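As the structure is a prediction and not an experimental result, all values here were calculated from the model.
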Amino acid sequence: MLTTKLNVVSVGKPDITALSESEQRVFFQTLYSRVLELAKNKQ
């Protein structure tokens, strides 16, 4: 099993609900693809 620790630093009080539905989708797709990229590089 692959275990990866990520540190996330936020500035202010991020509010994902302030984004439009399409912006939220892009945000999570980008986050997901980055996590997959990091996982592939660790193998």
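Annotation for E21: atom CD does not count as buried by contact number, only 12 or fewer foreign heavy atoms lying within 6.0 Å.
Checking side-chain atoms of E23 against main-chain N and O of S20 turns up a donor-acceptor pair under 3.5 Å.
Salt-bridge annotation for R34 and E37: present, with a side-chain N of the basic residue lying under 4.0 Å from a carboxylate O of the acidic one.
Atoms CZ and CD1, from F27 and I16 in turn, are 4.5 Å apart once rounded to the nearest 0.5 Å. Rounding to the nearest 0.5 Å places CG of D15 at 12.0 Å from OG of S10.
A chain of hydrophobic side-chain contacts below 4.5 Å, direct or via other Ile, Leu, Val, Met, Phe, Trp or Tyr residues, connects F28 to L19.
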